[in-house]
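As structure tokens, the structure follows; a few thoughts come after it.
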Amino acid sequence: MGPILVLTDLHYTPDVPTEGPDPDARLAACLAHAAKAVPEAALLVLTGDLANKGDTASYARLKARLLDAHVPVRLMIGNHDHRENFATVFGADMLDDLGFVQGVQDMGDTRVIFLDTLFAPPYDYPASHCGWLCETRMNWLYRQLSDAPGRVVIFLHHPPHDVGFRAMDFLKLRNGAAFHDLIARHGNVAQIICGHIHRTISGTHRGTPFAVFKSPMMQMPLDFHTLNFEAECDDPPAFGIVLLTPEAVLVHSEDVPL
Ligand SMILES: [Fe+2]
Ligand SMILES: [Fe+2]
């Protein structure tokens with residue numbers, strides 16, 4: 001089974017922005033680097049915040065760039081996304097029967113689950129910047145965990161617990177404790193992968209390993225105590241690589257030179 005590439009928090013804009021890096025140029029650089037460094041990749045997961053303002057023009061620009069991807073792409077949404085606009089551009093079949101951007105892919109005996117943690121509609125920011133799994137999505141997750149053929153890897157945009165940044169911890173998955181209760185009852189989740197923070201972070205929470213990756217765009221500076229959740233620094237872009245072996249789930253992060 002080939003590696004899984006993870007690109008998170010693309011924050012696409014409809015055009016080249018007047019200030020700061022261009023998300024389209026950054027994604028192009030990441031895709032070119034990944035194609036050269038990991039040509040055997042089996043899947044590319046984009047873990048949400050695809051568009052900075054959830055508009056159709058940004059999604060259309062992203063869709064055009066993804067024609068360059070050398071692997072199949074799994075699209076996920078985050079708090080900067082707009083579910084209906086996303087489906088307008090990428091197609092209604094991006095929504096499951098329940099109306100969410102979620103899905104499952106069994107890779108060998110590993111079940112990979114992609115969750116939709118968008119706390120909207122209504123798109124009433126800043127509340128909607130938090131993550132949420134409603135009862136419908138929790139029940140769906142329960143079913144996917146229950147009949148998994150082996151270990152499970154879960155991708156979700158919002159970390160389902162604190163990661164140490166005071167500001168961003170306000171914007172985590174609000175019902176992360178219920179999420180962790182659910183996965184603890186099943187006992188088959190080997191790895192959680194998140195975005196949202198724009199920084200490389202790993203550890204365990206209640207015994208389950210998690211990893212968070214940097215973005216192709218701006219990164220979170222190291223200030224655990226700031227209350228400014230828009231703090232950013234222009235460190236190099238990066239992406240994640242997840243290797244599934246019979247004995248292990250191995251998680252790498254690769255900086256991309258500009
Ligand atoms: Fe983001
Ligand atoms: Fe986010």
Side-chain angles (χ1 to χ4, degrees), residues 5-14 17 19-27 30 44-55 58-59 61-62 65 74-83 85-86 100-102 114-133 137 154-176 179 192-201 210-223 226-240 253 255-256:
L5 302 173
V6 188
L7 273 157
T8 192
D9 295 86
L10 308 179
H11 288 268
Y12 252 65
T13 50
E19 278 181 36
D22 175 22
D24 189 54
R26 288 289 179 96
L27 177 59
C30 290
L44 166 61
V45 184
L46 304 182
T47 48
D49 284 358
L50 302 174
N52 196 44
K53 294 192 172 172
D55 57 295
S58 294
Y59 289 128
R61 194 172 181 226
L62 170 61
R65 175 59 60 194
R74 168 72 67 160
L75 296 157
M76 299 174 63
I77 57 175
N79 52 297
H80 281 260
D81 290 306
H82 187 287
R83 203 178 278 115
N85 289 347
F86 167 79
F100 296 104
V101 185
Q102 58 189 4
F114 309 95
L115 291 177
D116 177 341
T117 55
L118 178 58
F119 191 11
Y123 298 91
D124 54 347
Y125 302 112
S128 294
H129 283 307
C130 301
W132 182 252
L133 287 172
R137 282 174 278 181
I154 298 180
F155 287 80
L156 70 171
H157 180 73
H158 295 80
H161 47 257
D162 288 347
V163 295
F165 284 104
R166 210 168 152 208
M168 293 306 289
D169 287 343
F170 282 116
L171 304 181
K172 66 187 171 192
L173 186 74
R174 298 298 300 182
N175 53 345
F179 167 87
I192 294 169
I193 304 280
C194 309
H196 192 47
I197 310 297
H198 297 231
R199 191 171 177 89
T200 310
I201 309 169
F210 72 90
V212 183
F213 297 117
K214 288 204 294 185
S215 158
M217 294 291 287
M218 308 306 280
Q219 316 305 343
M220 171 67 72
L222 181 56
D223 183 346
T226 182
L227 291 173
N228 176 17
F229 56 79
E230 292 182 329
E232 58 185 32
C233 61
D234 195 13
D235 281 355
F239 61 88
S253 177
D255 281 359
V256 177

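From a predicted model like this one, the values you see are computed outputs, not experimental measurements. Below, all heavy atoms of this structure are taken into account, side chains as well, without hydrogens, waters or symmetry copies. Each ligand, and each atom within it, is numbered from 1 in the order the structure gives.
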> Does any N, O or S atom in Asp49 come within less than 2.8 Å of the Fe ion (ligand 2)?
Replying inline: yes
>> Restricting to N/O/S atoms, is His157 within less than 2.8 Å of the Fe ion (ligand 2) or not?
In response: yes
> Which heavy atom of Met76 sits nearest a heavy atom of Thr47, and at what distance?
Replying inline: SD-CG2, 3.8 Å
> Of the backbone and side-chain N, O or S atoms of His196, does one lie nearer to the Fe ion (ligand 1) than 2.8 Å?
Replying inline: no
>> So if I apply the side chain to side chain donor-acceptor pair (under 3.5 Å) rule between His196 and each of Thr8, Asp9, Asn79, which one comes out positive?
In response: Asn79
> So, for Leu46 and Leu50, which heavy atoms are closest and what is the spacing to 0.1 Å?
Replying inline: CB-CD2, 3.7 Å
> Hey, is the Fe ion (ligand 2) within less than 2.8 Å of some N/O/S atom on His129?
Replying inline: no
> What N/O/S atom of Asp9 is the closest to the Fe ion (ligand 1)?
Replying inline: OD2
> Is the gap between the ring centers of His158 and Phe119 under 6.0 Å?
Replying inline: no
> Do Ile154 and Leu115 pass the side chain to side chain contact (heavy atoms under 4.5 Å, CB included) test, and can you show the C-alpha distance, the side-chain angles, and the key distance before you say yes or no?
Replying inline: CA-CA 7 Å; Ile154 298 180; Leu115 291 177; 3.7 Å; yes
>> Taking N, O or S atoms only and a limit of 2.8 Å, check whether His198 reaches the Fe ion (ligand 1).
In response: yes
